[in-house]
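Only one structure is covered here, and it is reproduced in the block below.
Below, read A as the first sequence line, B as the second, and so on, with proteins coming before strands; counting in each chain starts at 1.
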Number of protein chains: 2
Amino acid sequence: MFRSPIRFCRVCATAVEYRVPDDGDTRVRAVCPSCGTIHYENPLNVVGTVAYWGPQGGQVLLCRRNIEPRWGKWTLPAGFLELGETTEQGAVRETQEEAGAEIALEGLFTLLNVARAGQVHIYYRARLLSDRFAPGHETLEARLFHEHEIPWDDLAFRTVQETLRHYFEDRRRGHFGVHTGDITW
Amino acid sequence: MFRSPIRFCRVCATAVEYRVPDDGDTRVRAVCPSCGTIHYENPLNVVGTVAYWGPQGGQVLLCRRNIEPRWGKWTLPAGFLELGETTEQGAVRETQEEAGAEIALEGLFTLLNVARAGQVHIYYRARLLSDRFAPGHETLEARLFHEHEIPWDDLAFRTVQETLRHYFEDRRRGHFGVHTGDITW
């Protein structure tokens with residue numbers, strides 16, 4: 001989600017100034033010289049799932065992107081958290097929208113910072129209730145992958161790579177934890 | 001952080017229209033009829049710490065708020081995550097700004113949704129490196145509390161209450177987990 005720079009006040013349409021507000025703040029913000037509105041911009045949450053199929057959880061659901069960025073690359077179902085929903089609700093919604101998949105959430109799995117993009121990516125483990133999918137308009141194809149089939153070189157995002165890596169590592173050792181980290185490479 | 005409704009386009013100052021964009025979206029957004037900019041609004045992250053003192057972690061750091069909302073109430077050090085920083089960096093910064101406290105982070109502790117407020121609150125456990133504090137301008141007083149001293153009826157936010165409750169429960173059973181939940185009451 002590209003965000004255009006703020007040029008005009010959302011409240012009164014006056015051209016904003018970039019300066020540190022007078023309220024004890026320490027950061028430069030877009031401030032309206034007319035009505036005084038301070039326009040904050042903050043990181044966004046991306047929420048999604050690593051959804052598995054089968055009693056041993058040997059297969060996971062990936063979606064091939066039909067949108068930019070990374071058109072044609074494979075991703076875990078995920079998208080921007082919306083106002084009014086919880087991170088869990090957002091993760092379920094995105095899995096439904098992108099893959100048409102029905103799931104039962106099983107817990108927080110990864111929380112990965114992508115500070116250079118102003119994003120926090122939050123993934124939940126989820127059990128697939130069916131192996132029949134119905135890709136939405138943002139998805140070219142939704143299918144299950146065994147570990148040896150994962151298209152590691154054609155994944156859309158590093159947070160997807162990290163989350164899949166943790167999933168198969170945890171699966172091998174027989175215990176799923178909660179993993180945090182920063183994507184800096 | 002109260003957000004004023006969007007009335008004018010941030011890019012070209014035209015009055016926005018509220019409608020579902022034509023790009024396959026399903027939600028009503030503020031859309032500019034002139035330049036086409038879609039103005040998304042999404043939940044904000046609040047990041048903070050439950051910072052303890054002493055080898056048994058028997059005391060935790062609380063700050064008495066010198067700002068609205070909840071002026072005069074007690075809170076864990078926390079605030080809005082800023083662009084360009086990770087959740088960990090934000091939690092450390094807020095602890096420094098509000099309490100002047102030096103800490104070492106010890107891991108993710110709670111992730112609590114406050115969907116009605118459009119917020120996700122993320123707390124980290126942290127070890128205090130000193131018991132000397134230097135409250136910032138947003139804080140009336142910063143001090144350590146044993147469990148029996150916690151001002152449960154004068155806490156600023158339910159996420160603070162939940163995080164403290166989990167902290168002392170986990171401390172009693174001798175193991176700190178990662179806790180998730182939704183604040184709906």
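- Heavy atoms of B/I122 lying under 4.5 Å from chain A belong exclusively to its side chain.
- Taken to the nearest 0.5 Å, the CD atom of B/E88 stands 7.5 Å off from the CG atom of A/L111.
- We find the CZ-SG distance between B/R10 and A/C9 to be 12.0 Å, quoted to the nearest 0.5 Å.
- Note on B/W74: it clusters hydrophobically with B/Y123, by side-chain heavy-atom contacts below 4.5 Å among ILVMFWY residues.
- Taking CG from A/N45 and CG from B/L44, the interatomic distance works out to 9.0 Å, rounded to the nearest 0.5 Å.
- Remark: A/R7 CZ is loosely packed, at most 12 non-hydrogen atoms of other residues, nucleotides or ligands lying under 6.0 Å away.
- Proximity to chain B involves both the backbone and the side chain of A/T86, based on heavy atoms less than 4.5 angstrom apart.
- Interface residue A/L108: only side-chain heavy atoms are found under 4.5 Å from chain B.
- Between A/T180 atom OG1 and B/Y124 atom OH the span is 6.0 Å, to the nearest 0.5 Å.
- Note on A/L105 and A/W53: same hydrophobic cluster, where clusters join Ile, Leu, Val, Met, Phe, Trp and Tyr whose side-chain heavy atoms are under 4.5 Å apart, directly or indirectly.
- Under the 4.5 Å side-chain heavy-atom criterion for Ile, Leu, Val, Met, Phe, Trp and Tyr, B/V120 and A/V120 are members of the same hydrophobic cluster.
- Distance check: A/R3 CZ to B/I38 CD1 gives 14.5 Å after rounding to the nearest 0.5 Å.
- Residues B/L83 and A/G118 approach most closely at CD2-CA, 4.0 Å, considering heavy atoms.
- Using a 4.5 Å cut-off between heavy atoms, B/V11 contacts chain A through both its backbone and its side chain.
- The nearest pair of heavy atoms linking B/H137 to A/G24 is CE1-O, 3.5 Å.
- For chain A, no part of B/L112 is nearby; none of its heavy atoms comes within less than 4.5 Å.
- For the atom pair CG (B/D25) and CD (A/E138), the distance works out to 8.5 Å, reported to the nearest 0.5 Å.
- Looking at B/T87, the atoms closer than 4.5 Å to chain A (heavy atoms on both sides) sit in the backbone and in the side chain alike.
- By number of non-hydrogen pairs under 4.5 angstrom with chain A, the leading residue of B/H39, B/E41, B/Q89, B/R27 is B/R27.
- B/V92 and B/V160 end up in different hydrophobic clusters when Ile, Leu, Val, Met, Phe, Trp and Tyr side chains are linked at under 4.5 Å.
- B/Y52 and B/L144 are assigned to two separate hydrophobic clusters, defined by single-linkage of ILVMFWY side chains at heavy-atom distances under 4.5 Å.
- Contact count against chain A (heavy-atom pairs under 4.5 Å) is highest for B/A115 among B/A115, B/A15, B/G90, B/A30.
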Evaluate side chain to side chain contact (heavy atoms under 4.5 Å, CB included) for A/N42 paired with B/L81, printing each intermediate quantity in order. CA-CA 7 Å; A/N42 299 83; B/L81 182 64; 5.7 Å; no
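- At most 12 non-hydrogen atoms from other residues, nucleotides or ligands lie less than 6.0 angstrom from CG of A/D153.
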